[in-house]
*Asks:* 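Provided herewith is a single structure, encoded as structure tokens, for subsequent inquiry.
Everything quoted here is computed from the prediction, not taken from an experiment. Indexing begins at 1, ligand by ligand and atom by atom, following the structure's order.
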Amino acid sequence: MSRVTLNTLRDGKARGEAFSCLTAYDATLARCADAAGIDVLLVGDSLGMVLQGHTSTLPVTLEDIRYHTTCVARGKQRSLLMVDLPFMSNADIGQLLRDAGELMRAGAELIKIEGEAWMADGIRELTRRGVPVCAHLGLTPQSVHQLGGFKVQGKAADAAQRIVDDAQRLVDAGAAVILLECVPRAVGKAVRDAVAAPVIGIGAGPDVDGQILVMHDTLGLNSGYVPRFVKNFLHGQESIEAAFRAYDEAVKSRRFPAEEHCF
Ligand SMILES: Nc1nc(=O)c2c([nH]1)NC[C@@H]1CN(c3ccc(C(=O)N[C@@H](CCC(=O)O)C(=O)O)cc3)CN21
Ligand SMILES: CC(C)C(=O)C(=O)O
Ligand SMILES: [Mg+2]
């Protein structure tokens with residue numbers, strides 16, 4: 001089976017075919033998700049919450065992300081490997097370039113960065129140097145203390161328009177992919193329609209080009225509270241790989257997300 005590249009995601013968008021993404025942090029589950037047909041694996045800084053037990057992603061270090069990237073890179077074959085830049089790797093352009101370079105050397109194929117229109121310069125410099133970037137907009141968990149919690153973003157008309165404008169600015173600066181987290185369904189659709197780049201959603205409704213979830217959430221592994229956009233795909237399946245296949249099929253057939261998973 002041929003490897004997933006940015007072109008695969010662009011073709012998906014052009015054809016109106018949704019692609020599937022999951023977080024992964026280790027070689028075994030990366031191999032399993034890859035075998036199940038998941039198109040993109042993300043070494044997310046959510047590892048600070050689901051692996052390390054923190055209440056936010058802020059304590060996660062570049063070394064933590066680098067280590068899990070090497071693990072996932074050894075396990076996967078076909079999937080595209082996207083990796084989160086941790087909190088404060090955007091302190092200045094030099095730090096951004098060095099940290100992204102370290103993650104690319106560890107096996108990353110696409111670097112995801114939280115940040116609004118002001119990240120345009122950093123995204124331009126990375127893109128010039130051959131590093132493809134995914135810009136993460138909407139609910140950006142590294143700003144949780146500024147946002148006052150993990151809350152839906154872009155509910156007011158001006159906030160929704162700002163997300164669309166920021167996505168356009170960042171794609172103009174070179175962002176190859178946009179990721180939208182926890183926004184009303186209409187904002188997901190507006191961004192998908194506004195930019196040529198593929199748009200991945202989590203809690204952004206069905207009208208985007210790809211879907212992503214935290215792997216643990218698809219296996220029903222939660223610590224009590226379950227966000228609205230989450231679904232347990234292990235339910236009724238006899239293995240973890242079958243659960244990942246069920247998720248992949250639900251995304252590609254656009255049966256997931258359903259109405260109850262949307263804001
Ligand atoms: N297990 C896990 N799943 C995730 O999706 C995830 C993480 N961890 N850690 C990093 C961030 C944090 N995320 C979160 C966490 C909570 C909500 C949440 O509770 N959302 C409310 C919205 C409430 C409101 O705006 O009023 C919801 O009802 O879904 C959303 C995203 C997404 N990411
Ligand atoms: C939830 C996804 C989008 C993420 O950024 C992460 O897992 O860290
Ligand atoms: Mg993240």
*Asks:* Where does Ile202 meet ligand 1, judged by heavy-atom distances below 4.0 Å: at the side chain, the backbone, both, or neither?
*Replies:* side chain
*Asks:* Based purely on interatomic distance, does Lys151 place a nitrogen or oxygen under 3.5 Å from a nitrogen or oxygen of ligand 1?
*Replies:* no
*Asks:* Apply the side chain to side chain donor-acceptor pair (under 3.5 Å) test between Gln142 and each candidate in Asn90, Asp45, Thr57, Asp84; give the one that qualifies.
*Replies:*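 For Gln142, the side chain to side chain donor-acceptor pair (under 3.5 Å) check succeeds only for Asp45.
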*Asks:* For a salt bridge (Lys or Arg N to Asp or Glu O under 4.0 Å) with Asp207, tell me which candidate from Arg192, Arg254, Arg185, Lys189 qualifies.
*Replies:*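 When Arg192, Arg254, Arg185, Lys189 are each tested with Asp207, the salt bridge (Lys or Arg N to Asp or Glu O under 4.0 Å) holds only for Arg185.
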*Asks:* Which is closest to atom 32 (C) of ligand 1 by heavy-atom distance: Gln153, His216, Glu181?
*Replies:*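 Comparing heavy atoms across Gln153, His216, Glu181, the nearest one to atom 32 (C) of ligand 1 lies in Glu181.
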*Asks:* Should we say atom CZ of Arg78 is surrounded by more than 12 heavy atoms from elsewhere, each under 6.0 Å from it?
*Replies:*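 Counting other residues, nucleotides and ligands, CZ of Arg78 exceeds 12 neighbours.
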*Asks:* For atom 1 (N) of ligand 1, tell me which residue out of Val226, Leu221, Asp217 has the closest non-hydrogen atom.
*Replies:* Asp217
*Asks:* Mark up the atoms of ligand 2 that fall under 4.0 Å of a heavy atom belonging to Thr23, in ascending order.
*Replies:*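 Under 4.0 Å from Thr23, ligand 2 has these atoms: 7 (O).
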*Asks:* Got the closest protein heavy atom to atom 2 (C) of ligand 2, with its distance?
*Replies:* Leu42 CD2, 3.7 Å
*Asks:* Going by the atom numbers of ligand 1, which of them fall below 4.0 Å from some non-hydrogen atom of Arg228?
*Replies:* 27 (C), 28 (O), 29 (O)
*Asks:* Heavy-atom count check: over 12 atoms from other residues, nucleotides or ligands less than 6.0 Å from Glu238 CD?
*Replies:*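 No, CD of Glu238 has 12 or fewer neighbouring heavy atoms, counting only those of other groups under 6.0 Å.
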*Asks:* Ligand 2 and Asp45, any nitrogen or oxygen pair closer than 3.5 angstrom?
*Replies:* yes
*Asks:* Backbone or side chain, does any N or O of Pro141 fall under 3.5 Å from an N or O of ligand 1?
*Replies:* no
*Asks:* For Ser46 and ligand 2, does the shortest N/O to N/O distance drop below 3.5 Å?
*Replies:*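 Checking ligand 2 against Ser46, an N or O pair does fall under 3.5 Å apart.
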*Asks:* Could you identify the single nearest non-hydrogen protein atom to atom 5 (O) of ligand 2 and state the distance to 0.1 Å?
*Replies:*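 The closest heavy atom on the protein side is Lys112 NZ, 2.7 Å.
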*Asks:* List ligand 1 atoms under 4.0 Å from Leu139, heavy atoms only on the residue side.
*Replies:* 30 (C), 31 (C)
*Asks:* Identify, for atom 1 (C) of ligand 2, the protein heavy atom at the shortest distance, and state residue, atom and that distance.
*Replies:*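 The closest one turns out to be Ile202 CD1, 3.8 Å.
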*Asks:* Should Tyr225 be counted as touching ligand 1, given the test is an N or O pair under 3.5 Å?
*Replies:*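 Yes - when backbone and side-chain N and O of Tyr225 are compared with those of ligand 1, one distance drops under 3.5 Å.
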*Asks:* Answer with side chain, backbone, both or neither: which part of Val152 has a heavy atom less than 4.0 angstrom from an atom of ligand 1?
*Replies:* both
*Asks:* Out of all atoms in ligand 1, which are within 4.0 Å of some heavy atom of Ser46? Include the element for each.
*Replies:* 9 (N), 10 (C)
*Asks:* So what does the Asp45 OD1 - the Mg ion (ligand 3) - Asp84 OD2 angle come to, to 10°?
*Replies:* 80°
*Asks:* Taking the side chain as every heavy atom from C-beta outward, state whether Glu102 and Leu62 have any pair of such atoms under 4.5 Å apart.
*Replies:* yes
*Asks:* Would you mind telling me if ligand 1 is within reach of the side chain of Val50, the backbone, both or neither, using heavy atoms under 4.0 Å?
*Replies:* side chain
*Asks:* Just so I know, are the side chains of Val226 and Asp217 near enough to count as touching, which here means a heavy-atom distance under 4.5 Å?
*Replies:*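 Val226 vs Asp217: side chains apart.
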*Asks:* Atoms of ligand 1 less than 4.0 Å from Met49 heavy atoms?
*Replies:*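 Under 4.0 Å from Met49, ligand 1 has these atoms: 9 (N), 10 (C).
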